[in-house]
Participant: 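Okay, here's the structure, questions in a sec.
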Amino acid sequence: MTLNFIKPGEQEAARCDTWAQLIERGCMEEDIISPKNYFSSSKNISLSNTALDKGEPIQLRPQEVNLKLRPGLPHTFTLDFQRVEGYPVDLYYLMDLSYSMEDDLRSIKTLGNKLFNALQGITKKGQIGFGSFVDKTVLPFTNTNPEKLNKPCAETEMYCQPAFGYRHVLSMTGNKAEFESEVNKQRISGNLDSPEGTLDAIMQAAVCGERIGWRNSSTRLIVLTTDDGFHMAGDGKLAGILEPNDERCYMDNNLYSKSNEMDYPSVGQVANQLEKNNIQPIFAVTKNMEKVYRELSKMIPKSEVGVLSADSHNVVELIKNAYNRLSSKVTVTHDALPDNVRVTYTPLCPEGGPSGDKGVCNNVGVGQMVSFNVTVTADECMQSEISFLIGPLGMKDKLKVSLSTLCKCECNDPVTVDSPYCNGKGQVNCGMCSCKAGFVGQKCECSIGEKDESSLRAACRKDNGTECEGRGDCVCGICQCYTLPGGSTYYGTNCECENESCEKFQNKLCGGNGKCRCKNCECKPGYEGTACQCKKSDEQCRTPSGSVCSGRGTCKCNQCKCMEGYQRPYCLTCPACQTTCITKGKCIECLGFQTGPFSKNCSQACTSISEFKMVETLPPGKPCDVRDVESCRVFFAIKQLDGEDNYTAQILKTRECPKLPNIYAIIGGSIVGVTVIGILILLFIKVLFTLQDLKEYRKFMNEAQKTRWSENKNPIFQEATTTVANPTFSGE
């Protein structure tokens, strides 16, 4: 064994390469471990030519294989199929018995003999069963009036059976008389809406295998006859049925007992159960429904569609033709696979389809053998063995594939426990040291004693990242860096540096004008740029004034790299920046007129305006203007100098201030008006008081007169009252 194959500084991954590369690098041919895929057939019984009286006929070989694959390395084997002559057929006739199918029911009652003869022409081991369906017996699908439930047909209809969902009438039988007898007993029924409970019926016929009587080894056919569409998953909500279909058998007295409790199945659920139970449906439908059921057939593998005549008298011929199409097309596929396993098929037949995840051969006759190349690939290592089935759709015959992966090298290791190659501290395992406890390193050279190995390895991780950046081995907490293909090595505490991946210019590392240091170019004097591609010069960066990039950028590779917002070539303008007419308005106010928020510290707040002048007129062009604290408009012109925040300004001496109204005229007019109104108010008040005095006087006189009459015998009083009664008022 070539123990010293890995050179100092090389990573262990160098052991894995192509055969030719390993030989070229000095690995001995006998030391190269290259496991091959392993294939074996554990069951491979020869194909049968005819259906035997005893035992099950063999139509597929091999029956069981074992595969052990290297990840990514495909393996191909051959699968043979031959349909035997006289293979048993189970045909289940599933009929729509809604009222519009009345004439079709009459026809099938007379076609029982022809149907059996056609089946006998296919195989001597044919059986036939019968089932019927209408729809769920709840509103809005069926009239729930008790009388209508009992007789959902027209009043004139004499023979009408009560409404029902799905009824299994006859299990598989080879007795023609029994079939005719049961079919003759059937009566038409009815419902309200056009779509029927078709999918309910197909689902129960597929999953209730024991009740239907499907045989283990037979071609299973469901012939569905209808003249209308079908309800599907979700339609049950119209009747308040929310429980989804669970794809299980519910048969009580040959009736689907959960019809009114469980929603219709989806098309996907029906397709899944038909494929799982190897049942091939034949949709015998009227012309108006052909397009609907052809679309349905696209979603159900191994199905056929035929068009019924108005009264279904052509149903026997339809079944024969559909069966011939189904049986002459062989489609091989597999069941569910893990994500990391792929299976493809290549048909080996005259009329084979393209390679893909299904293998198809068309126009295959009875007794004709067809083959398929089956290619299996495991993309990743698998922890345990898996198995899956491969076989033709609609047939019970399956190949069982047991698959596992080869992810361990079978090396011829020396039996020495303490190998000298591992410094006597470990054992060689496929050229690598498997160290004893307490020792680590590529050759077990590091003794860690009772220390925690994980803490040593943590020292090799930068910012808790990958150990040694994935470019070296962690030995005793120190990174031992790998060698690069070019001969140099990674370096740095965590092998983070190397000198071969710097930027190139004209296909030269660092443009040939510098050296690569830890993935960055260090340029020679006189050169610059990320790849040292430029000669140092600022000729193309100088403005007419002689500044470099207007003081608002740096010159790199003879081009201005401007500050954010400024534009090349000289960083003169900044379209995205806020206009200086706004940003410098307050400074203009304080510099020109000593007003505004900066008036107290104008020299400190407005250092960005290095020079300003008060002028009688501004230069041509639209000037800037701002309003000061007195609402006057201040006009000015401002120019940016070299540098980021350096300006010069010219300020117009004259401001535009708003005109004030003549407040004195307004005040004089107001005084005159107030005086006139005041005099009128005083006169009005005097009149009111005069009237009040007269009223009080009259009241006094009335009281005095009453007193005089009551006391007229008193002379003094008489004199007094006389005087009072005849007063003298001057000027009244």
Participant: What distance separates Y345 OH from S355 OG, expressed to the nearest 0.5 Å?
Facilitator: 12.0 Å

Participant: Please identify each residue that fulfils side chain to side chain contact (heavy atoms under 4.5 Å, CB included) with V366, with sequence neighbours left out.
Facilitator: R83, E85

Participant: Take V207 and R248, measure what side chain to side chain contact (heavy atoms under 4.5 Å, CB included) needs, and give me the verdict at the end.
Facilitator: CA-CA 6 Å; V207 298; R248 295 171 62 184; 5.8 Å; no

Participant: Check whether the side chains of T137 and N260 place a donor and an acceptor atom closer than 3.5 Å, and report yes or no.
Facilitator: yes

Participant: Enumerate, atom names and distances included, each donor-acceptor pair closer than 3.5 Å involving a side-chain atom of residues 270-284, sequence neighbours excluded.
Facilitator:
residue, atom, partner, partner atom, Å
Q273, OE1, N277, ND2, 3.2
Q273, NE2, E247, OE1, 2.8
N277, ND2, Q273, O, 2.8
Q280, NE2, G394, O, 3.3

Participant: Quick check on ring pair (Phe, Tyr, Trp, His ring centres under 6.0 Å): which of F230, F133, F141 does Y264 satisfy it with?
Facilitator: F141

Participant: How about D80 and S371: does a side-chain donor come under 3.5 Å of a side-chain acceptor?
Facilitator: yes

Participant: Could you tell me whether K258 and E243 have a side-chain N and a carboxylate O separated by less than 4.0 Å?
Facilitator: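 Here K258 does not pair with E243 in a salt bridge, since their nearest N and O are not under 4.0 Å apart.
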
Participant: Run the ring-centre check on Y256 versus F164 and record whether the distance is less than 6.0 Å.
Facilitator: no

Participant: Does E290 pair with R294 as a salt bridge, N-O distance under 4.0 Å?
Facilitator: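 Yes, charged N to carboxylate O under 4.0 Å.
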
Participant: Pairing donors with acceptors under 3.5 angstrom, does anything connect the side chains of S303 and S297?
Facilitator: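 Per modelled atom types, S303 and S297 side chains form a pair under 3.5 Å.
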
Participant: Treating E304 as the side-chain partner and Y323 as the backbone partner, does any N or O pair qualify as donor plus acceptor under 3.5 Å?
Facilitator: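 Here the side-chain-to-backbone pair does not exist.
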
Participant: With sequence neighbours left out, write down each residue that passes side-chain hydrogen bond (donor to acceptor under 3.5 Å, both in side chains) with N37, or none if nothing qualifies.
Facilitator: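 Testing N37 for side-chain hydrogen bond (donor to acceptor under 3.5 Å, both in side chains), a comparison that skips the adjacent residues, returns none.
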
Participant: V374 pairs by side chain to side chain contact (heavy atoms under 4.5 Å, CB included) with which of T76, L399, I390, V401?
Facilitator: I390

Participant: Check the pair K291, E295 against salt bridge (charged side-chain N to carboxylate O under 4.0 Å, His left out), reporting the backbone distance first and the verdict last.
Facilitator: CA-CA 6 Å; K291 185 176 180 180; E295 291 300 316; over 6 Å; no

Participant: Any salt bridge linking E147 with K151? Criterion: basic side-chain nitrogen under 4.0 Å from a carboxylate oxygen.
Facilitator: no

